[in-house]
Amino acid sequence: MIKMSLFLTRRPDLTFEEFADHWKNVHWPAVHTVPEVMNNTIRYTQQHNIGGVPEGATAAPFDGVAEVWVEDFSALKEMLGSEKWVSVVQEDDKKFLDTSKTLVMFTEEKVDFTR
C-alpha cells in the first residue's frame, strides 16, 4: 500500500480559519466528484495544524497535512493523471493553497507498534 502525504500551506491572503473551512467543507466534497479518486482511495485524512509545540521543538511550517492511501502506484497514476483531477482538484487547490509551497512524499508504512 502506498501513502501520499501532502504538506500544505494556505494562501497568504487567507486566515487559517478560512483555509481550514475551505479545505474541509468545499475542497473535500469537490474531490468526491472525481471518480478516479473515489475508485482508488482506500483512506483519506486531513490533519489541521493546532499550533503550539513543546519547548525546544521547531514547529513545522505547514497549515495541514493530507494523507491519501492507495493500493499501488498504478492506482495513484490513474487518480493523479485523470482529467477531473486536473480540472477539479488542482483548480480548487488554487483557491486556498499556496501551491508553490506544497510538498509531497510517497511512503510505505512500516508499523512496529499499535495499541
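We count residues from 1, following the sequence as given.
In terms of modelled atom types and a separation under 3.5 Å, the side chain of E18 and the main chain of T15 share a donor-acceptor contact. Remark: the backbone N or O of E17 is not paired with any side-chain donor or acceptor of D21 at under 3.5 angstrom. Listed for the T33 side chain is a donor-acceptor partner under 3.5 Å among the backbone atoms of A30.
Of the options L8, L6, L103, a side chain to side chain contact (heavy atoms under 4.5 Å, CB included) to F62 is made by L103 and by none of the others.
Side-chain atoms of T102 and T9, non-hydrogen and from C-beta on, never get closer than 4.5 Å to each other. Between H27 and K24 the shortest side-chain heavy-atom distance does not fall below 4.5 Å. Contact of the M1 side chain with the E109 side chain is not registered, since no non-hydrogen atoms from C-beta on lie closer than 4.5 Å. Two residues are said to be in side-chain contact when any heavy atoms from C-beta on lie closer than 4.5 Å; D92 and H22 meet this criterion. Looking only at side-chain heavy atoms (C-beta outward), L80 and M4 come within less than 4.5 Å of each other.
Two different hydrophobic clusters hold F7 and F16 under the rule that ILVMFWY side chains link at heavy-atom gaps under 4.5 Å. Placement of W85 and F96 within a single hydrophobic cluster is found when ILVMFWY residues are connected by side-chain heavy-atom separations under 4.5 Å, directly or transitively. Transitive grouping of hydrophobic side chains (ILVMFWY, heavy atoms separated by less than 4.5 Å) brings F106 and V70 into a common cluster. V104 and V65 fall into different hydrophobic clusters, where Ile, Leu, Val, Met, Phe, Trp and Tyr residues are linked whenever their side-chain heavy atoms come under 4.5 Å apart, directly or through other members. Put simply, V37 and V86 are part of two different groups of oily side chains (I, L, V, M, F, W, Y) that touch within less than 4.5 Å, one to the next.
Here salt bridge (Lys or Arg N to Asp or Glu O under 4.0 Å) pairs that include residues 41-65, with residues two or more places apart or in two chains, are R10-D63. Listed by first then second residue, pairs satisfying ring-ring contact (aromatic ring centres under 6.0 Å, His included) with a partner in residues 33-59 read W23-H48, W28-Y44, not counting sequence neighbours. The stretch residues 68-84 participates, sequence neighbours left out, in no salt bridge (Lys or Arg N to Asp or Glu O under 4.0 Å) pair at all.
Atom NZ of K101 sits in a sparse spot, with 12 or fewer heavy atoms from other residues, nucleotides or ligands closer than 6.0 Å.
Salt bridge E108/K3: absent, no basic N to carboxylate O contact under 4.0 Å.
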